[in-house]
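First comes the structure, then the notes that go with it.
Basis for what follows: all heavy atoms, side chains included, without hydrogens, waters or symmetry-related copies. Worth saying up front: this structure is predicted, and the values here are computed from it rather than measured.
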Amino acid sequence: MLEAIAYGMGIALRTGATPFVLGARLAGRARATDYKGVPTARGGLALASKIALDEIFFASEVVSATFVSLRDRRRIAEEVEQAVEFYARWGWLEDPARYHVAPPRLASVRTRRHRARWFSYQHLRFDSDYEPHAGEPGRARWLSYDANHTAHAWVLQHDDRPRPWLICVPGYRMGQPFIDLAGFRARWLHRTLGLNVAIMVMPLHGPRRVGRRGGDGFFSGDFVDTVHAQAQAVWDVRRLAGWLRDQGAPAVGAYGVSLGGYTTALLACLEEQLDCVVVGIPAVDFVRLLRSHTPQFLQRAAERIGFSFERVEQLLRVVSPLALKPLVPRERRFLYAGVADRLASPDHARDLWHHWDKPRVTWYQGSHVSYLWEKDVKALLREAFWTSGMLPRGHS
């Protein structure tokens, strides 16, 4: 969930300035509070407690930030320049959809059933087979992440008859069964709504991690790795969606939260056959996140060592959901966001809503973390799956 934080940590918090970052945020200098086109947050103790959860998560990510050497900073800056030139030469900056190659059909998967104290699920695995383009900067490093070569998903499947499938895409730092199943209300989706559920594990997360924690490396400042992570994420989901259709799935939808919301929004620009797309609490502009969570003095320090926000924006264009046109029809696209979100600020959802030609959206009176128990979110999910034809008969 904390991709906004990690980007700021990945570049700017290498100077021992943690107290200043937290102080600037609390003083209100590191964030905006009024977003045009977003409903007003209604104050009160309940909302304040929700906001506090976001701030706790922010602080925990700040104090656990890792450091990047000066040599790596220079390498990162040079690699960004090389990648931007490479993408421009191939025409991908003008037409980002061409950067993404349709994955081959998935021939086989491996499954194993797991039983825990409160729930059971299937652990699905398959070979990702994703590779960056030949000659693309960062290719060799990305392919060296051995654990990331295998795609994983946590599955809840009905045995009685073919049911619609919902592929869920988790947020940053997720990737473990209990966290992911809880984060998507998977038992409610499965038992109450009657859907089959497959929760993907994002690249570099959970069993695919290459660092100490799940998600390490996704937003560490190696921005070319971020491009490859996003490209592989949509590649893996597309392969799984195709395999489910080959197995007789009557419908396949996608639902992503936070970082997974970004990925799902990008997926909607590449996978026209999706029957429903729901994006929750999304972050759709990573550079904007960096700027909003990092004080000005640290941004200036980053620029002095050769970091260019403008060049990173160009680089990330090939995986930006705001740079591609959605292929899934407007009536199958749904959004929700918190008006007091302190991690992925609500202007991200607002801009995606405009880019998507203003589909059905729900603004709830809450923060980033509070989506987990918001009644308005649950109501939108039911509405989205019902109106798009995802729900089996008997549900309304």
Is a side-chain donor-acceptor pair under 3.5 Å present for Arg311 with Gln314? yes
Provide the full list of side-chain hydrogen bond (donor to acceptor under 3.5 Å, both in side chains) pairs with a residue in residues 90-99, sequence neighbours left out, each pair given once. Tyr99-Glu136
Before you tell me yes or no, could you show the steps for Leu270 and Leu324 under side-chain contact (heavy atoms from CB on, under 4.5 Å), namely the whole-Å CA-CA distance, both residues' side-chain angles and the distance that decides it to 0.1 Å? CA-CA 9 Å; Leu270 303 170; Leu324 288 85; 3.9 Å; yes
Asp127 side chain to Thr150 backbone, donor-acceptor under 3.5 Å: no
Indicate the atoms forming the closest heavy-atom contact of Val224 with Arg141, along with that distance. CB-NH2, 4.3 Å
Should we count CD of Gln247 as having more than 12 external heavy atoms under 6.0 Å? yes
Residue pair Ser258 / Gly171: nearest heavy atoms and the distance that separates them: CB-CA, 4.2 Å
From Leu195 atom CG to Leu156 atom CG, the distance as rounded to the nearest 0.5 Å: 10.5 Å
Can you see whether Ser370 engages Glu374 through a side-chain donor-acceptor pair at a distance of less than 3.5 angstrom? yes
Heavy atoms of other groups near Arg42 CZ, more than 12 under 6.0 Å: no
Assess the pair Tyr262 and Phe286: is the distance between their ring centroids shorter than 6.0 Å? yes
Please check if any side-chain donor atom of Asn196 sits under 3.5 Å from a side-chain acceptor atom of Arg163, or the reverse. no
If hydrophobic clusters are built by linking Ile, Leu, Val, Met, Phe, Trp and Tyr wherever their side-chain heavy atoms come under 4.5 Å apart, do Ile281 and Leu47 end up in the same one? no
Taking Pro137's backbone N and O only, do any of them form a donor-acceptor pair with Glu79's side chain (distance below 3.5 Å, no angle check)? no
For the CE atom of Met390 and the SG atom of Cys276, what is their distance to the nearest 0.5 Å? 6.0 Å
Once ring-ring contact (aromatic ring centres under 6.0 Å, His included) is applied, what residue pairs with a partner in residues 323-354 remain, sequence neighbours excluded? none
Could you go through Arg238 and Glu272, starting from their C-alpha distance and side-chain angles, then the distance that decides it, and tell me whether this counts as salt bridge (Lys or Arg N to Asp or Glu O under 4.0 Å)? CA-CA 10 Å; Arg238 294 176 76 185; Glu272 187 175 8; over 6 Å; no
Between the CG atom in Leu267 and the CG atom in Leu327, the distance rounded to the nearest 0.5 Å is 9.5 Å
When rounded to the nearest 0.5 Å, the distance separating OH of Tyr371 from CZ of Arg185 is 8.0 Å
I'd like to know if Arg208 pairs up with Asp146 as an ion pair, taking the criterion as any Lys NZ or Arg NE/NH1/NH2 lying under 4.0 Å from an Asp or Glu carboxylate oxygen. no
Single-linkage hydrophobic cluster Phe184~Trp373, side-chain heavy atoms < 4.5 angstrom: yes
With rounding to the nearest 0.5 angstrom, report the CH2 to NE2 distance, Trp154 to His123. 4.0 Å
So, are Asp347 and Lys36 salt-bridged, with charged N and O less than 4.0 Å apart? no
Presence of salt bridge, Asp246 and Arg105, under 4.0 angstrom: yes
Is a donor from one side chain sitting under 3.5 angstrom from an acceptor on the other, for His152 and His205? no
Distance only, no hydrogens: is a donor on one side chain within 3.5 Å (strictly under) of an acceptor on the other, for Asp225 and Tyr145? yes
Pairs involving residues 224-247, ordered by first then second residue, that meet ring-ring contact (aromatic ring centres under 6.0 Å, His included) (sequence neighbours left out): Tyr130-Trp235, Trp142-His228
Please name the pair of heavy atoms, one in Pro207 and one in Val201, separated by the smallest distance, quoted to 0.1 Å. CD-CG1, 4.1 Å
Check for me, please, whether Leu193 and Leu372 land in the same ILVMFWY cluster - side-chain distances under 4.5 Å, paths through other members count. yes
How many angstroms lie between CG in Asp357 and CD in Glu331, if you round to the nearest 0.5 Å? 10.5 Å
Using only atom types and a distance under 3.5 Å, with no angle test, would you say the side chain of Arg139 pairs donor to acceptor with the backbone of Pro132? yes
Is Ile51 linked to Val38 within one hydrophobic cluster, defined over Ile, Leu, Val, Met, Phe, Trp and Tyr using a side-chain heavy-atom separation of less than 4.5 Å? no
Do Leu143 and Met202 belong together in a cluster built from hydrophobic side chains that touch within less than 4.5 Å? no
Are a donor atom and an acceptor atom from the side chains of Asp341 and His368 found within less than 3.5 Å of each other? yes
Sub-3.5 Å donor-acceptor pair from the side chain of Arg213 to the main-chain atoms of Arg173, do we have one? no
Taking side-chain hydrogen bond (donor to acceptor under 3.5 Å, both in side chains) as the criterion, tell me which of Arg239, Gln232, His149 meets it with Ser128. Gln232
Are the charged groups of Asp222 and Arg75 less than 4.0 angstrom apart, N to O? yes
